[in-house]
Amino acid sequence: QLQLVESGGGLVQSGGSLRLSCVASGFEFEHHAIGWFRQAPGKEREGLSCISQKGEFTDYADSVESRFTVSRDNAKNTAYLQMNSLKLEDTAVYYCAAVRVFGRCYLRENHYPWWGQGTQVTVSS
């Protein structure tokens with residue numbers, strides 16, 4: 001059983017960078033893939049990126065590829081989302097989620113049973 005807590009959100013100017021962290025509690029973090037999602041007001045939740053349990057497989061949505069980078073440090077029970085060249089349309093609540101799967105990950109939210117509480121990212125002009 002995992003519990004996830006996101007941090008690192010805040011207010012940033014257009015073109016700037018933020019790094020989000022997802023810290024997991026429990027004893028089997030290394031058995032779970034991690035996905036990153038976001039939801040803006042009035043819009044559906046969107047899958048952004050994911051990473052397999054050993055980091056050998058990653059995936060990205062077209063909207064963020066080449067700007068965002070997903071990584072993890074299993075010794076620290078932590079996954080990261082590095083966000084560069086931020087745009088106004090990146091403003092949203094960002095969530096991490098976990099699923100027990102081997103060798104791959106998913107960008108669809110219905111695969112993930114465990115979720116963090118979210119962290120707000122606001123990009124200003």
Side-chain angles (χ1 to χ4, degrees):
Q1 186 177 16
L2 283 177
Q3 294 186 6
L4 306 170
V5 179
E6 304 95 335
S7 63
L11 178 65
V12 64
Q13 193 172 7
S14 179
S17 298
L18 285 174
R19 187 180 70 171
L20 305 183
S21 297
C22 175
V23 179
S25 62
F27 298 99
E28 296 185 340
F29 177 73
E30 72 277 10
H31 294 172
H32 292 75
I34 298 295
W36 285 97
F37 301 81
R38 70 184 179 191
Q39 188 165 26
K43 297 186 177 181
E44 295 183 354
R45 191 147 58 190
E46 175 188 16
L48 304 175
S49 184
C50 67
I51 185 166
S52 63
Q53 83 283 357
K54 294 183 178 180
E56 74 272 30
F57 177 88
T58 60
D59 201 5
Y60 296 90
D62 290 343
S63 61
V64 304
E65 191 166 13
S66 79
R67 297 192 298 123
F68 291 11
T69 303
V70 66
S71 62
R72 67 189 296 161
D73 185 344
N74 287 348
K76 297 181 178 180
N77 282 1
T78 303
Y80 304 94
L81 186 68
Q82 177 69 44
M83 306 187 296
N84 299 326
S85 302
L86 285 163
K87 307 173 182 179
L88 291 178
E89 55 263 41
D90 294 321
T91 295
V93 177
Y94 283 70
Y95 300 88
C96 66
V99 56
R100 199 178 199 275
V101 65
F102 174 78
R104 67 159 300 163
C105 63
Y106 313 98
L107 293 179
R108 289 184 175 269
E109 64 179 303
N110 57 9
H111 290 282
Y112 291 87
W114 297 289
W115 291 78
Q117 84 290 348
T119 185
Q120 176 71 46
V121 172
T122 302
V123 183
S124 67
S125 60

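Values below: all heavy atoms of this structure, side chains included; hydrogens, waters and symmetry mates excluded.
Not a single side chain to side chain donor-acceptor pair (under 3.5 Å) links Gln3 to another residue, sequence neighbours left out. With sequence neighbours excluded, the residues that form a side chain to side chain donor-acceptor pair (under 3.5 Å) with Asn74 are Arg72. Taking Thr122 as the reference, Gln120 meet the side chain to side chain donor-acceptor pair (under 3.5 Å) condition, with sequence neighbours excluded. Take Ser124 and apply the side chain to side chain contact (heavy atoms under 4.5 Å, CB included) test, not counting sequence neighbours, and it matches Leu11, Gln13.
Proximity of Arg67 to Asp90: side-chain heavy atoms (C-beta onward) are separated by under 4.5 Å at one or more points. Looking only at side-chain heavy atoms (C-beta outward), Cys105 and Thr58 stay at 4.5 Å or farther from each other.
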Apply side-chain contact (heavy atoms from CB on, under 4.5 Å) to residues Leu4 and Tyr95 and explain how you reach the verdict. CA-CA 9 Å; Leu4 306 170; Tyr95 300 88; over 6 Å; no
Could you go step by step and tell me if Thr69 and Tyr60 meet the side-chain contact (heavy atoms from CB on, under 4.5 Å) rule? CA-CA 8 Å; Thr69 303; Tyr60 296 90; 3.9 Å; yes
Show your working on side-chain contact (heavy atoms from CB on, under 4.5 Å) between Val101 and His111 and close with a plain yes or no. CA-CA 10 Å; Val101 65; His111 290 282; over 6 Å; no
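Residue Asn110 places its CG atom among more than 12 non-hydrogen atoms of other residues, nucleotides or ligands, all under 6.0 Å distant.
Val64 is connected to Trp36 through a chain of hydrophobic side-chain contacts under 4.5 Å among Ile, Leu, Val, Met, Phe, Trp and Tyr, so both are in one cluster. Two different hydrophobic clusters hold Leu2 and Phe37 under the rule that ILVMFWY side chains link at heavy-atom gaps under 4.5 Å. Note on Trp115: it does not cluster hydrophobically with Val121, by side-chain heavy-atom contacts below 4.5 Å among ILVMFWY residues. Under a hydrophobic clustering in which Ile, Leu, Val, Met, Phe, Trp and Tyr are joined whenever their side-chain heavy atoms come within less than 4.5 Å, directly or via other members, Leu81 and Val93 fall into different clusters.
A donor-acceptor pair is defined here as one N or O able to donate and one able to accept, closer than 3.5 Å; such a pair exists between the side chain of Tyr112 and the backbone of Tyr106. Using modelled atom types, no side-chain atom of Thr119 and backbone atom of Tyr94 make a donor-acceptor pair closer than 3.5 Å. Under the 3.5 Å distance criterion, the side-chain polar atoms of Gln117 are left unmatched by any main-chain donor or acceptor of Val5.
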With a 3.5 Å cut-off and sequence neighbours excluded, list the donor-acceptor pairs that the side chains of residues 45-52 form with protein atoms.
from	atom 1	to	atom 2	distance (Å)
Arg45	NE	Glu109	OE1	2.9
Arg45	NH2	Glu109	OE1	2.7
Glu46	OE1	Arg38	NE	3.0
Glu46	OE1	Arg38	NH2	3.4
Glu46	OE2	Ser63	OG	3.0
Ser49	OG	Asp59	O	3.0
Ser52	OG	Glu56	N	3.2
Ser52	OG	Glu56	OE1	2.8
Ser52	OG	Phe57	N	3.0
Ser52	OG	Phe57	O	3.4

Under 3.5 Å donor-acceptor pairs involving side-chain atoms of residues 20-35, not counting sequence neighbours:
from	atom 1	to	atom 2	distance (Å)
His31	ND1	Arg100	NH2	3.1
His32	ND1	Glu28	O	2.7

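In this structure, Leu86 and Leu18 approach most closely via the heavy-atom pair CD1-N, 4.0 Å.
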